[in-house]
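Below is one structure, written out as structure tokens; comments come after it.
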Protein chains: 2
Amino acid sequence: MAASQAEVAQRAGVSTATVSRALRGLPRVSETTRARIVDAARELGYVASPAASQLATGRTRTVGVVVPFVDRWFFGRVIAGAEAVLREAGFNLLLYSVGDENGRARFFEEMPLRGRVDAVLLLALPLTPGEFERLSELGVPLAAVGLDEQGMGCVRIDDAAGAKTAMRHLATLGHRDIAFIGGGTGTPLGFRAPVERRAAYFAVRRCLAVDDDPEFDLDGGFTLNGGQAAMTRLLSARRLPTAVFAASDEMAFGALRAIRRSGLHVPRDISLIGFDDHEMADLLDLTTIAQPVVQQGQAAGRMLITQLTGETTEPEAVVVPTELIIRGTTAPPTTSTTRSPAVTTPHGEQVSNLPAC
Amino acid sequence: MAASQAEVAQRAGVSTATVSRALRGLPRVSETTRARIVDAARELGYVASPAASQLATGRTRTVGVVVPFVDRWFFGRVIAGAEAVLREAGFNLLLYSVGDENGRARFFEEMPLRGRVDAVLLLALPLTPGEFERLSELGVPLAAVGLDEQGMGCVRIDDAAGAKTAMRHLATLGHRDIAFIGGGTGTPLGFRAPVERRAAYFAVRRCLAVDDDPEFDLDGGFTLNGGQAAMTRLLSARRLPTAVFAASDEMAFGALRAIRRSGLHVPRDISLIGFDDHEMADLLDLTTIAQPVVQQGQAAGRMLITQLTGETTEPEAVVVPTELIIRGTTAPPTTSTTRSPAVTTPHGEQVSNLPAC
DNA sequence: CTGAAAGCGCTAACAT
DNA sequence: ATGTTAGCGCTTTCAG
């Protein structure tokens with residue numbers, strides 16, 4: 001069916017070794033024979049069998065991408081970014097979606113990537129020492145997005161700083177009664193963004209000298225519906241916050257819906273800030289913390305390419321910046337509960353005497 | 001590094017041939033030796049080299065998935081569905097994102113999937129005869145989602161019927177001045193959903209005896225921003241429609257934003273219906289035509305598995321049903337322009353004497 | 001039920 | 001610059 005290297009060799013009147021060299025652009029082949037071989041190959045429609053060259057060289061020209069979910073906005077974008085640069089460099093993408101605890105266990109047990117990839121890109125999955133060990137046994141370069149792991153290239157945002165910025169934005173507007181919708185801190189998948197964003201929430205609260213309030217610490221499971229449910233719970237509580245910080249835009253969307261359904265208005269009655277700058281955030285006029293998503297995928301992809309193309313560069317850890325995007329869901333609290341005199345800036349923000357949090 | 005079959009054979013005191021049979025569950029191996037071999041393999045952590053068995057058998061245990069974009073809601077979901085069933089059946093996924101005209105050309109020219117996959121799943125990419133030919137040369141089973149191609153398993157919705165339902169819903173409510181936001185009919189990628197949905201729009205118009213109106217036929221490029229831009233154009237036209245049919249929810253979201261920005265209200269001033277039942281549709285209370293997305297991916301995946309596991313079933317064409325989801329963005333026109341007496345049903349729909357469109 | 005041996009199609013030393 | 005010759009690690013007749 002498909003032409004073999006031997007046929008090309010015969011047609012060009014050379015040995016298979018020369019064909020191999022010529023077609024891979026290696027030196028030690030005269031230009032004239034190379035041209036002859038290239039012609040013969042084209043005429044025969046020859047393409048080297050990946051399996052054979054893989055067996056001979058050990059290289060697969062494939063990168064494994066391990067992701068919790070393919071069908072979430074964030075991951076889809078990161079994959080797209082990584083795919084673009086890897087494809088450009090001639091690599092294929094082997095996709096593995098871990099999904100849940102079960103799938104994760106299976107992945108690390110069976111290691112379906114073993115012998116199939118030259119490198120692995122990990123998305124947002126913090127590894128247990130055992131898992132890291134298993135992955136290392138593959139003996140290929142590793143990189144990750146949304147992780148801060150030793151021994152592999154990592155590109156991520158500073159979740160703590162981003163969350164702090166969100167909280168400071170609310171505080172600057174004059175808010176003190178701020179609720180948090182996060183969640184997933186106890187999930188088996190163990191993402192770190194949820195944990196860090198929540199920690200920052202508490203840190204800023206304390207810095208503002210506001211007592212902890214368990215009723216203001218909600219679990220929205222990082223989903224739209226979860227965010228809505230959490231907000232609904234919040235709205236039926238004894239005391240209402242003047243602002244809500246949702247640790248992801250999707251949860252903020254859900255919260256938005258719950259607030260509207262309750263007849264309240266954003267930001268008049270409650271301010272709301274999200275995190276991620278989801279593609280829908282602009283549409284819903286949601287104030288949020290933006291992070292570059294596609295770029296993180298690209299950066300991680302490039303790291304792997306660098307590792308793969310010989311230069312034994314030390315795996316680096318890149319932190320990309322987040323940015324506060326002020327839209328229409330945040331404003332100063334109407335029932336002025338600010339504890340210090342505040343003036344309004346041209347941007348409509350109140351400047352209160354914030355402690356240096 | 002990794003244990004080889006020979007080592008297992010030696011440890012179990014048999015030949016590599018027997019190891020091969022035993023580990024793959026083939027017959028003609030006594031249970032006692034099989035057990036011994038399995039033990040030896042486990043102790044050595046042996047896993048067969050994919051490259052080697054691939055070279056020997058020609059099978060890759062991998063399915064190629066060719067998709068226009070990874071980072072669109074629809075495709076992400078379909079991939080997730082397909083991945084689940086294929087993974088379950090022991091197949092890996094090789095992802096190829098075609099993206100644009102350029103990437104598409106490269107894909108069909110280089111055929112990076114050649115020799116790397118046992119089957120190919122195509123998403124929403126109608127093929128030119130030449131492309132189909134190239135793909136067929138791979139000599140592997142083909143399946144598609146969102147296509148109606150001869151010679152491969154296809155699973156899709158009836159776009160025409162769905163669009164007709166959307167239009168009839170508006171017509172039943174009493175709307176006659178209905179605009180359409182679609183687009184991409186001229187895109188090089190040549191998806192068919194845009195074309196069919198638009199054709200149905202015109203068909204129902206004519207059936208309602210409403211003259212064609214070029215000003216009501218907008219291009220929203222199947223993106224959120226495009227939808228917004230199209231709606232903005234529409235709002236600045238001489239004559240306003242009482243309803244808008246957006247061929248995708250994402251464009252409907254954009255339209256929604258444009259309408260709100262203009263100070264008009266949905267559905268009081270303008271009714272709006274979308275298509276797809278995007279995850280955000282419920283949040284935005286958008287009336288739409290729902291289609292099963294994950295299920296289409298699963299169905300296509302199963303088709304491939306069937307083809308692959310011997311049963312030489314004829315590639316079938318499955319059409320899954322769509323469903324009208326009535327939410328809050330559609331209502332009877334306020335300025336009653338109905339041409340026939342209408343009564344209101346318990347569901348709030350007006351029943352007008354619709355011609356049988 | 002098991003083993004010997006011949007590939008699968010390519011690459012990489014080593015010769016020439 | 002080119003050819004020879006071993007593998008790479010598994011599968012699969014074909015014998016036994």
Side-chain angles (χ1 to χ4, degrees), chain A residues 1-41 44-62 90 111 114-118 138-140 310, chain B residues 1-38 40-41 44-62 90 111 114-118 138-140:
Chain A
M1 187 78 225
S4 77
Q5 196 181 60
E7 301 179 52
V8 178
Q10 188 182 351
R11 181 168 193 120
V14 295
S15 73
T16 63
T18 307
V19 172
S20 181
R21 288 186 204 108
L23 261 24
R24 286 182 301 153
L26 296 187
R28 309 183 154 216
V29 180
S30 82
E31 279 316 313
T32 72
T33 44
R34 189 192 302 276
R36 199 150 30 91
I37 291 171
V38 169
D39 283 351
L44 267 44
Y46 169 77
V47 180
S49 147
S53 61
Q54 187 173 326
L55 183 56
T57 65
R59 276 177 228 106
T60 63
R61 305 290 313 167
T62 299
M111 278 286 134
R114 182 200 306 283
R116 296 182 177 278
V117 298
D118 292 342
L138 290 183
V140 301
Chain B
M1 188 76 226
S4 78
Q5 197 181 58
E7 301 179 52
V8 178
Q10 186 182 352
R11 183 171 190 118
V14 296
S15 74
T16 63
T18 305
V19 172
S20 180
R21 289 187 202 105
L23 260 26
R24 285 181 302 153
L26 297 187
R28 308 183 155 218
V29 179
S30 81
E31 278 316 312
T32 71
T33 44
R34 189 191 303 276
R36 197 150 29 90
I37 291 171
V38 168
L44 265 45
Y46 169 77
V47 180
S49 146
S53 59
Q54 186 172 328
L55 183 58
T57 65
R59 278 178 227 104
T60 63
R61 305 291 315 170
T62 300
M111 278 287 134
R114 184 200 305 282
R116 296 183 177 277
V117 298
D118 292 342
L138 289 183
V140 302

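The chains referred to below are lettered A, B, ... by the order of the sequence lines, with proteins before strands, and numbering in each begins at 1.
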At their closest point, which heavy atom of Ala2(A) faces which heavy atom of Glu7(A), and how far apart are they?
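Reported closest heavy-atom pair: O-OE2, 4.2 Å.
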Determine the minimum heavy-atom distance between Leu23(B) and Ala41(B), stating which atoms define it.
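So the two residues come closest at CD2-CB, 4.2 Å.
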Provide, to the nearest angstrom, the distance between the [atom1] atom belonging to [X] and the [atom2] atom belonging to [N].
X	N	atom1	atom2	result
Leu26(A)	dT2(D)	CG	C1'	13 Å
Ile37(B)	dC1(C)	CD1	P	13 Å
Leu23(B)	dG9(D)	CG	C1'	14 Å
Arg59(B)	dT12(D)	CZ	C1'	11 Å
Leu44(B)	dG9(D)	CG	P	14 Å
Glu31(B)	dC1(C)	CD	C1'	12 Å
Gln5(A)	dT4(D)	CD	P	14 Å
Arg114(A)	dG9(D)	CZ	P	14 Å

Please figure out whether Arg28(B) or Thr57(A) has its closest DNA chain C nucleotide nearer the 5' end.
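The residue closer to the strand's 5' end, by nearest nucleotide, is Arg28(B).
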Which is true for Gly13(A) with a 4.0 Å heavy-atom rule: it touches a base, it touches only sugar-phosphate, or it touches nothing?
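Since only primed, P, OP1 and OP2 atoms lie under 4.0 Å of Gly13(A), the category is sugar-phosphate.
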Stepwise side chain to side chain donor-acceptor pair (under 3.5 Å) check, Arg24(B) with Ser20(B)
CA-CA 6 Å; Arg24(B) 285 181 302 153; Ser20(B) 180; 3.2 Å; yes
May I ask you to evaluate whether [X] reaches the phosphate of [N], defined as a side-chain N or O under 4.0 Å from OP1 or OP2?
X	N	result
Thr18(A)	dT2(D)	no
Arg34(A)	dT2(D)	no
Ser53(A)	dC10(C)	no
Ser49(B)	dC10(D)	no
Ser20(B)	dC10(D)	no
Gln54(A)	dT11(C)	no
Ser30(A)	dT2(D)	yes

Out of [options], which nucleotide sits closest to the side chain of [X]?
X	options	answer
Val14(B)	dG3(C), dT2(C), dT12(D)	dG3(C)
Ala52(B)	dT2(C), dT11(D), dC10(D)	dC10(D)
Thr16(B)	dG9(C), dT11(D), dG3(D)	dT11(D)
Ala17(A)	dT2(C), dG9(C), dT4(D)	dT4(D)
Leu55(B)	dC10(D), dG3(C), dC8(C)	dC8(C)

Could you tell me whether the side chain of Met111(B) reaches within less than 4.5 Å of the side chain of Leu138(B), counting heavy atoms only?
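Result yes, sub-4.5 Å side-chain heavy-atom pair found.
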Could you give the distance from CD (Gln10(A)) to OG (Ser4(A)), rounded to the nearest 0.5 Å?
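Rounded to the nearest 0.5 Å, the CD-OG separation comes out at 9.0 Å.
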Backbone of Val14(A) reached by a side-chain donor or acceptor of Thr18(A) within 3.5 Å:
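Side chain of Thr18(A) to backbone of Val14(A): no pair is present.
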For Arg21(B) and Ala48(B), take the nucleotide of DNA chain D holding the closest heavy atom to each; which residue's nucleotide lies nearer the 5' end?
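First, find each residue's nearest nucleotide; the 5'-ward one identifies Ala48(B).
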